[in-house]
Number of protein chains: 2
Amino acid sequence: MTGKKTKLSKSNSEQRIRARNEAKILKSAVELFSRKGFDGTRIAEIAEASGLPKANVYYYFANKAAIYTRLIEGVLTGWDRALEHITPDREPREALSLYIAAKLDYSRKHASESRFFANEMLRGGKFLSRQQKRHMKEITREYARVIEGWMEEGKIVRVDPNHFLIMLWATTQFYADFSTVAAATVEKKHLTASDFETARSTIVDIILNNCVPPR
Amino acid sequence: MTGKKTKLSKSNSEQRIRARNEAKILKSAVELFSRKGFDGTRIAEIAEASGLPKANVYYYFANKAAIYTRLIEGVLTGWDRALEHITPDREPREALSLYIAAKLDYSRKHASESRFFANEMLRGGKFLSRQQKRHMKEITREYARVIEGWMEEGKIVRVDPNHFLIMLWATTQFYADFSTVAAATVEKKHLTASDFETARSTIVDIILNNCVPPR
DNA sequence: GCATATCCTGACCAAATGGTCAAGTTTCCA
DNA sequence: TGGAAACTTGACCATTTGGTCAGGATATGC
């Protein structure tokens, strides 16, 4: 490319157009994919929801799978962050409280992303690359070790650390993935911040206060 | 219908053909719908997986939605059954232990049905009729009352009964809905009976042993 | 002002899809 | 054994779908 403006040095306004349109497409796509899955979502629906003509969507993304894999990358980045609270130098009560709060916060603010990923996992996670799967496994193993360490030090009641992690994930993601069920259970149309706070304290009460001896 | 053999009095072999083919179609459909959702699943795929020509599927079911709603009816029947363990005349430890075991048993033996329903809930549960939604709400309310009664009697630590139920659902269904994630977490290709038993004891340890005072 | 890069988009394409139909086959019972 | 009911299924239909293309519009920088 010999033009003065190249892909590697776009002007701000060019970057603004591309960044804005890609963001619009991704935001619409995550909502639709989270409800209808990869196969059930139409490119025309993504286009319509993002306010762009269908051919324009193909201007920014090579194909349907490219949109989908971009979304997976974004979600995995968020997944990692919450787990950062679990470090061996921390007391488990503090670390796990922060983790539970962070997960519930993610469920509240990124319900579409959580549901999108849940949908992908329901179908077996086939869109995740080997590297992404390996990464999740390694991270999980690392955190299971931290939890096991706390158990060995008598800081947490001894249970299977893997199943313990599963429990933390299940109870926090439920509020995003199955928000319709959760809302109906608490007899509301939608979950409120108060519901998430009750969820947090319930999970802390039941899981932490059993597993972590009082100070 | 003036024929000797009518819809209301089919012979055994006729019933055998219809029952067998309907069962084949439903079994294939629940697996496909559980992975790809309503919109993403093709009638041709259901036909192929059940070993029938596509037109034959339409001989037994009016349309795609008819297959889907039949599956929802079946799943709701199963959902009810597990909750039967929660009765006020029982001690909570016994009742909840049985409930957790029943739910995990369902997750192990009916993973496709569980995933199918999870998929439907991910999309907002729009296929459930008003009556079905009301039924689920009433059942949930009834069991929340039983749990609340146990709390008032001091038999269970006081937490929000609705969120307590959510926790029970989340931690047991996870093993069916996200079996790929659970298997990867325990570093196996597939969950075994032993994994379900570890799951059961972990859930009982963490939830019951905290919430229910020792005998 | 002009050349180049980027963006936009209606029309189009081949393949796929939910569903139908008519005719043949099989089953069943009097 | 024959007639009726139930079952089977290849071919077909109209519509939908993922994706492409060519040409025009806009933005930008010298």
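Every chain is numbered from 1 and lettered A, B, ... according to where its sequence line falls, protein lines coming before strand lines.
- For A:K24, there are no salt bridge (charged side-chain N to carboxylate O under 4.0 Å, His left out) partners, not counting sequence neighbours.
- Counting only distance, with no hydrogens or angles, the side chain of B:K137 and the backbone of A:E187 share no donor-acceptor pair below 3.5 Å.
- Here D:dT17 presents its C1' atom at 14 Å from CD1 of A:I67, a figure rounded to the nearest Å.
- Rounding to whole angstrom units, CG of residue B:L52 and P of C:dG19 are separated by 17 Å.
- Nucleotide C:dC8 holds its C1' atom 16 Å from the CZ atom of A:F61, rounded to whole Å.
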Each nucleotide of nucleotides 18-26 of chain D classed B (base within 4.0 Å of a protein heavy atom), S (only sugar-phosphate) or -, in 5' to 3' order, makes BBBB-----

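- Phosphate contact (OP1/OP2 of D:dT8, side-chain N/O of B:Y59, threshold under 4.0 Å): absent.
- Side-chain atoms of B:S179 never come within 3.5 Å of backbone atoms of B:Y175 as a donor-acceptor pair (strictly under, hydrogens ignored).
- For the pair A:N21 CG and C:dT6 C1', the interatomic distance rounds to 12 Å; values are reported in whole Å.
- Side-chain polar atoms of B:D195 and B:T198 form no donor-acceptor pair below 3.5 angstrom.
- A:R18 has a side-chain polar atom (N or O) that falls below the 4.0 Å cut-off from OP1 or OP2 of C:dC7.
- For A:F174 and B:F174, the ring centers sit 6.0 Å or farther from each other.
- Remark: A:N56 is not in phosphate contact with C:dG10, judged by side-chain N or O atoms under 4.0 Å from OP1 or OP2.
- For the pair A:I17 CD1 and C:dC8 C1', the computed distance is 10 Å after rounding to whole Å.
- A side-chain contact (heavy atoms from CB on, under 4.5 Å) with B:I139 holds for exactly one of B:M136, B:H135, B:R141; it is B:H135.
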